[in-house]
S.K.: 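My questions will all concern the structure given below.
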Amino acid sequence: MNILIVGGGGREHALAWKIRQNPDVDKLFIAPGNGGTALLGTNIPLQDDDIEGIVTFAKDNGIGLVVAGPELPLVLGLQEALSKFGVPCFGPCTFAAQLEGSKAFAKNMMQETGVPTAAFRVFDSHERALSYVRTHPLPMVIKADGLAAGKGVVIAQTMHEAEEALHDMMVKQVFGAAGLTVVVEEALIGEEASFMAFCDGSTIVSMPSLQDHKRIGDNDTGLNTGGMGAYSPAPILPEEQYHAMADLAIRPITEHLAAIGQPFKGVLYAGLMMTVNGPMVLEYNVRFGDPECQPLMARLKSDLVEIMLACVKGTLSPERVEFLQETSCCVVMAAHGYPQAYPKGMAISGIEEAEGIESVKVFQAGTRLQDGKPVSTGGRVLGVTALGTDLQQARERAYLATKKIHFDNSYYRKDIANKGLRRS
Ligand code: AMP
Ligand code: GLY
């Protein structure tokens, strides 16, 4: 079978690495891919929002499965566009993708289906939003409704910050149409965890828990990023609780979507806040997290292609989804300056030495190959991932591996998994 992966980050390298392990995969294409995926298949110069281009490529190249890495193509209708030509797509339909594409949609569905989430109101009038915000206790959270490249959430500590966020989103329209509608919600306090499940429209199979590290600086300081590291399992969400968590955060949504004729097929990701009043859902993603996918793929024992096809066909069963008992940890190496301006084009060395360490795999993110050697092209450059018998060993191996890798202006957090170690 020929497979096309859409996307070009660390997540897509991890997916390509796992998909390549299936002996029945003939040609593997990645659009647009990166320096890591180029070693496993053929990179295609198509961007993830080029739905027409992706569909044409899939038709012309006998693609038997398209795997959507990021959310954008799903929100733009990739699944339906492919299904018109009978090409299976791992990822939900446009309607279900609104769980990520519209925060108001997600919050309303959580409310309707009884999923615990922060109290909220939705506004499309700046005037009404402003008068509501002026009566809301601080801190409060203001979110642009649509996709805003991870920048659409403001946790306002002062009234000035709240008013400014509303003005930026609704009047200045810094996120374009994505900010014309806003969600204003109560700020929750707690530790965050990530919980994902494979879904085939009716059956759901939970994956092991993870914890991401969203801020750029150690001890969760500084700007928000796409994620600076992740590990699995997260002791804050132990295995005994997966079943209950699936019932709380995933099943109400998938059952509702099935009941209204929009079954969810793919990965549903719940971003959780573990509060003193129990877990609450902060957001849904309709895809694997990045970097969460990297430590998850390191632990996945079963064949990913079979799981994905089962999700598409509606034949998913828990026995087909097995994970290693080992713990995994991924440390993201970034370009200094990220998530703001950062240098590019740095030559990367030491990946082979890093992978010489037991159970280490280096997933490439913002890279491309130049004369066969990786150079940086993005803010998040590598995801250095290791397995270990416990979190301490996985973390030690990942950090040992980062020390073998060199590129100018590299930066990584030194405290990945520390929270987990404190609990384990
Ligand atoms: P979201 O895209 O909705 O997950 O928001 C991005 C990040 O903002 C989350 O990972 C949290 O760190 C933070 N956040 C979102 N909503 C809330 C909330 N209601 N209370 C506290 N923090 C939040
Ligand atoms: N790492 C968080 C995300 O993928 O959205």
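Keep in mind that this is a model prediction, so the values were computed, not measured. Counting starts at 1 for both ligands and their atoms, following the listed order.
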S.K.: Can Glu191 and Arg423 be counted as an ion pair, charged N to O under 4.0 angstrom?
M.R.: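 Arg423 and Glu191: salt-bridged.
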S.K.: Under 4.0 Å between a side-chain nitrogen and a carboxylate oxygen: does that hold for Glu326 and Arg299?
M.R.: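 No, this pair does not count.
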S.K.: Scan residues 118-136 for pairs that pass side-chain hydrogen bond (donor to acceptor under 3.5 Å, both in side chains), counting only residues two or more places apart or in two chains.
M.R.: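 As it turns out, the side-chain hydrogen bond (donor to acceptor under 3.5 Å, both in side chains) pairs with a partner in residues 118-136, which skip direct neighbours, are Arg134-Glu163.
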S.K.: Determine the minimum heavy-atom distance between Gln364 and Ile351, stating which atoms define it.
M.R.: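 Result for this residue pair: NE2-CD1, 3.9 Å.
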S.K.: Contact between Ser194 and Gln211 at the side-chain level, heavy atoms closer than 4.5 Å - yes or no?
M.R.: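 Heavy-atom side-chain distance check fails, nothing below 4.5 Å.
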S.K.: Restricting to pairs with a member in residues 199-236, which pass ring pair (Phe, Tyr, Trp, His ring centres under 6.0 Å), not counting sequence neighbours?
M.R.: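 Passing the test, one end in residues 199-236: His213-Tyr231.
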S.K.: Are Ser102 and Asp145 close enough that a side-chain donor and a side-chain acceptor fall under 3.5 Å?
M.R.: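 Yes, side-chain donor-acceptor contact under 3.5 Å.
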S.K.: Which protein residues have a heavy atom under 4.0 Å from ligand 2?
M.R.: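 Under the 4.0 Å cut-off, ligand 2 touches Asp212, Gly226, Tyr269, Asn285, Arg287, Gly289, Asp290, Pro291, Glu292.
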S.K.: Does Tyr412 have Lys414 sitting over its ring (NZ/CZ under 6.0 Å from centre, angle to axis within 45°)?
M.R.: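 Judged by the rule (NZ or CZ under 6.0 Å from the ring centre, within 45° of its axis), Lys414 counts as positioned above Tyr412.
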S.K.: Identify the two heavy atoms, one from Glu100 and one from Val286, that lie closest to each other, and give their separation to 0.1 Å.
M.R.: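 That closest heavy-atom pairing would be OE1-N, 2.8 Å.
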S.K.: Could you list each N/O atom of ligand 1 together with any protein N/O atom closer than 3.5 Å, one pair per line with the distance?
M.R.:
residue, atom, partner, partner atom, Å
ligand 1, 2 (O), Lys103, NZ, 3.0
ligand 1, 2 (O), Glu283, OE1, 3.2
ligand 1, 3 (O), Lys103, NZ, 3.3
ligand 1, 3 (O), Lys143, NZ, 3.0
ligand 1, 4 (O), Glu283, OE1, 3.1
ligand 1, 4 (O), Glu283, OE2, 3.0
ligand 1, 10 (O), Glu192, OE1, 2.7
ligand 1, 10 (O), Lys214, NZ, 3.1
ligand 1, 12 (O), Glu192, OE1, 3.4
ligand 1, 12 (O), Glu192, OE2, 2.4
ligand 1, 16 (N), Lys143, NZ, 3.0
ligand 1, 16 (N), Glu185, OE2, 3.4
ligand 1, 19 (N), Glu185, OE2, 2.7
ligand 1, 19 (N), Glu186, O, 3.0
ligand 1, 20 (N), Leu188, N, 2.8

